[in-house]
Amino acid sequence: MARNVIRSVKGTRDYYPEEMGLRVWLYQKMRQVSESFGYSEYEGPILETFELYAAKSSEEIVEKQSYVFEDRGGEKLTLRPELTPTLARMVAARQPQLTFPLRWWSFGPFWRYERPQKGRTREFFQWNIDMLGDDSPEADAELVAIAATFLKAVGLKPDEVQILVNNRKLMDARLAAFGIAPDKRPEVFNLIDRRDKMSAEDWQAYARELGLNGQQIADITALISDQDLWQQSDELVRMFAALKAYGIDEYVSFAPHIIRGLVYYTGTVFEAWDTRGEYRAIFGGGRYDNLVGDVGGDPVGGVGFAVGDLIIGLLLQELERLPVFGATPAPVFFTLFDQALLSASLTLANRLRQEGLAVTSQLQPEKLGKQFKYADRIGARIALVLGPDEDRDATIAVKDLKTGEQETIPQAQLIEKLRTLI
RNA sequence: GUGGAUGUAGCUCAAUGGCAGAGCGCCGCACUGUGGAUGCGGUGGUUGAGGGUUCGAUCCCCUUCAUCCACCCCA
């Protein structure tokens, strides 16, 4: 590069208007779905104490993948790698004043210190949505229904994405029945979670490393392919029953191998995947019963999920479900014929703004050809020309840049005309 | 943290141990009251950075930085 532009920080993204368009579009869909279920928006700080995550998030996330540093006063701080601990902290801090069940959602930046690759950056955005204070399977169902409604809202179909649901209590009980000790179950959960990521041989070897005997390995193998297993869980039976009412059950299926990595999940867990399996999980979530208590509050259970902006963005882009971003927010471009008409042009343009129309004004008198080219390039839909003739007759030329049709009309009719065109 | 690849014009990419190229874009003109399309003309480079080998390096070697991809983990 000839120019030596100072580079951006590794793993961060610059949101040029086109990228910002996608982010805002997703944000609007998330808001729309969240609010339609009665969830209120909140936000926490990007910086938290290291203490908040220690032993509450997964070890890998805290120890290896968090930005941890000391501030000038020597306090150990973390750039938040996830939101749920912040939520638990905020709820614990004001627990007596809050009305439960509470329904909250948020969309903001998160940081993980990892090697960037496709669909993964160090700074990313996440939609978090949670309900606290209702421990019922129907609450779990509501969150799954919200997730499905979102997928539908962004134009994804059930044959393209699936929400896979499981329940840790169910799995825990089954492992107990196989004679697997409680302290070994987290490792076995991890084993199950990785079934799809390893070859059958490696998986078997890993299972033996954990000290499982042949019978237990066979039991687990049978367990995670048992599609009817959910019927043994009252919670899942009630949850699936509730889900039917939302009309989104084609987006949801039972999947006994879904466990999830985060240690704080205690009951229902779920993930959404593209059905071709090309990408990582689109989102993940579940029920956590101890988190608020763990940060010093009175025990109150919660259920929620988090959607990163990257995978869903890649998927939507690939399936061509995204609108075109990057056009000017102003559909109307007001040209400037010459210096003598500057004042008249600016005045008229501003009158349009006062009527609620978004208008870009040309400020320097360049050739009209250049002005039209500029208007076309920024994505304006209408160009207005106020030349000497129009100024004398109190008219204005209105050109539709898409059709190329142009009409000269009295200025008094301009607003009405623009409203029909836009 | 581990492994693999790639850095050449604004963008996408060629090329050869011996003058650095194309397409697109951009600018101008045809068209001084009208964009997209077309034609013609023009602008384009410390070949990521540093060092080595060589008469000569964009090419070969070393170092470094950056980016991308996979693993790990996860949104």
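In what follows, chains carry the letters A, B, and so on, assigned in the order in which the sequence lines appear, proteins first and then strands, with residues in each chain numbered from 1.
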Once hydrogens and angles are ignored, does a donor-acceptor distance under 3.5 Å link the base of [N] to the side chain of [X]?
X: A:Lys367; N: B:U32; answer: no
X: A:Gln406; N: B:U34; answer: yes
X: A:Arg115; N: B:G3; answer: yes
X: A:Arg280; N: B:C74; answer: yes
X: A:Lys373; N: B:G36; answer: no
X: A:Glu114; N: B:A75; answer: yes
X: A:Glu390; N: B:G33; answer: yes
X: A:Arg120; N: B:A75; answer: no

Among [options], which is the nearest nucleotide to the side chain of [X]?
X: A:Lys370; options: B:C74, B:G28, B:G33; value: B:G28
X: A:Gln65; options: B:G33, B:G35, B:C73; value: B:C73
X: A:Leu368; options: B:C27, B:C73, B:U34; value: B:U34
X: A:Arg260; options: B:C74, B:U67, B:C71; value: B:C74
X: A:Ala306; options: B:C69, B:C27, B:A75; value: B:A75

Between [N] and [M], how many Å separate the two [atom1] atoms, rounded to a whole number?
N: B:C13; M: B:A20; atom1: C1'; value: 14 Å
N: B:G52; M: B:U67; atom1: C1'; value: 26 Å
N: B:G25; M: B:G10; atom1: C1'; value: 7 Å
N: B:U32; M: B:C19; atom1: P; value: 44 Å
N: B:G51; M: B:A15; atom1: P; value: 28 Å

Taking any heavy-atom pair under 4.0 Å as a contact, classify [X]: base, sugar-phosphate, or nothing.
X: A:Arg381; answer: nothing
X: A:Lys118; answer: sugar-phosphate
X: A:Asp389; answer: base

**Asked** Does atom OH of A:Tyr246 have more than 12 heavy-atom neighbours, drawn from other residues, nucleotides or ligands, at distances under 6.0 Å?
**Response**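 For A:Tyr246, atom OH is crowded (more than 12 foreign heavy atoms under 6.0 Å).
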**Request:** Please indicate whether A:Arg94 has more than 12 foreign heavy atoms, meaning atoms of other residues, nucleotides or ligands, lying under 6.0 Å from its CZ.
**Result:**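 Counting neighbours around CZ of A:Arg94, 12 or fewer heavy atoms of other residues, nucleotides or ligands fall under 6.0 Å, so no.
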**Message:** Just to be sure I understand the geometry, which residues of residues 157-166 of chain A put a non-hydrogen atom under 4.0 Å away from RNA chain B?
**Reply:** none
Between [atom2] on [N] and [atom1] on [X], what's the gap in Å once rounded to a whole number?
X: A:Arg377; N: B:C27; atom1: CZ; atom2: C1'; result: 10 Å
X: A:Phe372; N: B:G36; atom1: CZ; atom2: C1'; result: 12 Å
X: A:Tyr53; N: B:A75; atom1: OH; atom2: P; result: 14 Å

**Asked** Are A:Glu142 and A:Tyr39 linked by a side-chain donor-acceptor pair shorter than 3.5 Å?
**Response** yes
**Between A:Tyr27 and A:Arg23, a side-chain donor and acceptor under 3.5 Å** = no
**Prompt:** Given that A:Pro116 and A:Ile311 both sit by RNA chain B, which one's nearest nucleotide is further toward the 5' end?
**Reply:** A:Pro116
**Asked** When the nearest nucleotide of RNA chain B is assigned to A:Tyr113 and to A:Leu310 on a heavy-atom basis, which residue is associated with the more 5' position?
**Response**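 Between the two, 5'-proximity favours A:Tyr113.
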**Phosphate OP1/OP2 of B:A70 contacted by A:Gln117 side-chain N/O (<4.0 Å)** = yes
**Per-pair stack call A:Phe124 and B:A75, 5.5 Å, 30°** =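 Yes, A:Phe124 stacks on the base of B:A75.
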**Test ring pair (Phe, Tyr, Trp, His ring centres under 6.0 Å) applied to A:Phe107 and A:Phe125, A:Tyr42, A:Trp127, the passing residue** =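 With A:Phe107 as partner, ring pair (Phe, Tyr, Trp, His ring centres under 6.0 Å) holds for just one option, A:Phe125.
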